[in-house]
Amino acid sequence: MIEKIKDLMAEVETFAVDTKEKAEELRLKYLSKKGILNEIFAEFKKVKPEEKREYGQKINSLKTLVESKIAAAQEALEDQLSKPNDLDITLPGPNHNLGSHHPITMVKNEIIEIFSRLGFTVAEGQEIEDDYHNFTALNFPPEHPARDMQDTFFIETNPDILLRTHTSGGQVRVMEKQQPPIRVLVPGRVFRNEAVSARSHCIFHQIEGLYIDKNVSFADLKQTLMYFAKEFYGEKTEIRLRPSYFPFTEPSAEMDVSCSICGGKGCGICKNSGWLEILGCGMVHPNVLRNCGIDPEVYSGFAFGMGIERTAMLRYGVTDIRMFFENDMKFLSRFKY
Ligand code: DAH
């Protein structure tokens, strides 16, 4: 019996009481009516009188051990409960704000995606340009008043270097390197020395298109742009081409699309005309082809250029162009893809 009590002592010693339930389990097992201690007390009656003392002591220490273990566990558990709990699982977790594309990037990617279905690839132009690629090669003769159509940021110490005023110089750089057939888009940032307002900015983005091959006609230009307009603005969109002037195209045109906001009925966005001007275009001028080493007797082509901010403003109903450059998180977080 002494051995049995020793084993039980060892068992109680190692019994992990880390919850209320465990403490109760230990109590029931040892201290309840049908518990182990009562069993042992029953056996104790049969112990010889001269051995009672030793047995009694052992049984008592077992009982004390169980009781103190339960008491200690209860104290520890109560302590835990009364301490302010610094883990509040009902609190909202830390905010993991995921980034998203800028609306200008989203619109640019969508335009590229539509033209890529027609075989257009993408080329990079350069933001710091020389006068030749931005103007001269594009058939703007020196001193020609058409240069004033675009207010240019020049470098003071070298008037030959400028910030490109349009992506059209990218056409020249592609044609210099590559013989037709050419089907290319040149997206990018452009700069003009203009006052900043809700409608215009000194920095904005354009996307240029160029298609050069044998027998490219104005009908191809029209069809390509119509395809784009219907894909981007919707199946019911109509287009209209108005004669215009650009030194690097002949003939030149500006394209309007039927207003996607009011469906052509007239609204504030289209200034009640039912039409929105979205791009400039035309047949590449023979002088431009010649300047780039392409024979205009063999090849012809078309070009177009559109402003991305304007397109994005129409797409998302943004009324102030400056919003695109302010990096206001409230504004930007509206555009999730
Ligand atoms: N570069 C012109 C601008 O910034 C837009 C443009 C018009 C581009 C006609 C073209 C084009 O390629 O053919 O206003």
Side-chain angles (χ1 to χ4, degrees), residues 108 111-112 115 118 120 122-123 125-127 129 131-140 144-153 162-176 180 182-194 199-213 216-226 228-229 239-257 276-289 291-292 294 296 299-311 321:
K108 180 188 84 175
I111 297 170
I112 291 174
F115 281 106
L118 302 176
F120 282 78
V122 174
Q126 50 190 67
E127 293 181 354
E129 237 336 338
D131 180 280
Y132 177 76
H133 289 90
N134 196 76
F135 292 124
T136 309
L138 288 166
N139 203 32
F140 288 82
H144 192 283
R147 289 184 180 227
D148 291 344
M149 282 161 75
Q150 302 172 357
D151 295 312
T152 311
F153 286 115
L162 47 88
L163 292 177
R164 68 173 170 199
T165 56
H166 54 181
T167 43
S168 303
Q171 292 182 29
V172 178
R173 292 199 174 269
V174 171
M175 286 189 279
E176 280 173 344
I182 297 171
R183 257 174 292 179
V184 76
L185 298 173
V186 188
R189 194 157 56 152
V190 302
F191 308 84
R192 289 197 197 167
N193 191 1
E194 273 175 29
R199 303 200 125 250
S200 68
H201 208 287
C202 55
I203 303 173
F204 56 100
H205 297 78
Q206 289 186 331
I207 199 157
E208 192 81 16
L210 177 72
Y211 183 18
I212 312 280
D213 205 344
V216 178
S217 69
F218 201 91
D220 296 320
L221 168 63
K222 206 169 147 183
Q223 200 57 41
T224 304
L225 294 180
M226 185 139 85
F228 165 72
I239 65 166
R240 123 183 139 172
L241 290 160
R242 285 177 290 102
S244 184
Y245 171 76
F246 301 102
F248 39 94
T249 43
E250 182 59 36
S252 303
E254 275 168 303
M255 186 174 96
D256 300 339
V257 291
L276 299 163
E277 181 194 323
I278 62 157
L279 56 81
C281 60
M283 301 306 292
V284 179
H285 197 292
N287 285 350
V288 176
L289 293 176
N291 288 340
C292 302
I294 292 174
Y299 295 106
S300 58
F302 63 72
F304 57 86
M306 67 183 104
I308 302 183
E309 275 75 4
R310 207 181 138 65
T311 313
I321 194 172

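Heads up: numbering here begins at 1 and tracks the sequence. First listed ligand is number 1; within each ligand, the first listed atom is number 1.
- Judged purely by atom type and a 3.5 angstrom limit, Arg192 uses its side chain to pair as donor or acceptor with the backbone of Thr165.
- Inspection of the His201 and Glu194 side chains reveals no N or O donor paired with an N or O acceptor under 3.5 Å.
- When only modelled atom types and interatomic distance are considered, Asn193 and Thr152 share no side-chain donor-acceptor pair under 3.5 Å.
- When atom types are taken as modelled, the side chain of Ser300 and the backbone of Val216 share a donor-acceptor pair closer than 3.5 angstrom.
- Between the side chains of Gln126 and His133, no donor N or O sits under 3.5 Å from an acceptor N or O.
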Identify all N/O pairs between ligand 1 and the protein with a separation under 3.5 Å and present them as a table of atom names and distances.
from: ligand 1; atom 1: 1 (N); to: His166; atom 2: ND1; distance (Å): 3.0
from: ligand 1; atom 1: 1 (N); to: Ser168; atom 2: OG; distance (Å): 3.0
from: ligand 1; atom 1: 4 (O); to: Arg192; atom 2: NH2; distance (Å): 2.8
from: ligand 1; atom 1: 4 (O); to: Gln206; atom 2: NE2; distance (Å): 2.9
from: ligand 1; atom 1: 12 (O); to: Gln171; atom 2: NE2; distance (Å): 3.1
from: ligand 1; atom 1: 12 (O); to: Glu208; atom 2: OE2; distance (Å): 2.5
from: ligand 1; atom 1: 12 (O); to: Phe304; atom 2: N; distance (Å): 3.4
from: ligand 1; atom 1: 12 (O); to: Phe304; atom 2: O; distance (Å): 3.4
from: ligand 1; atom 1: 13 (O); to: Ala303; atom 2: O; distance (Å): 3.2

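- When side chains are defined from C-beta on, Pro187 counts as touching Ile112, because their heavy atoms get closer than 4.5 Å.
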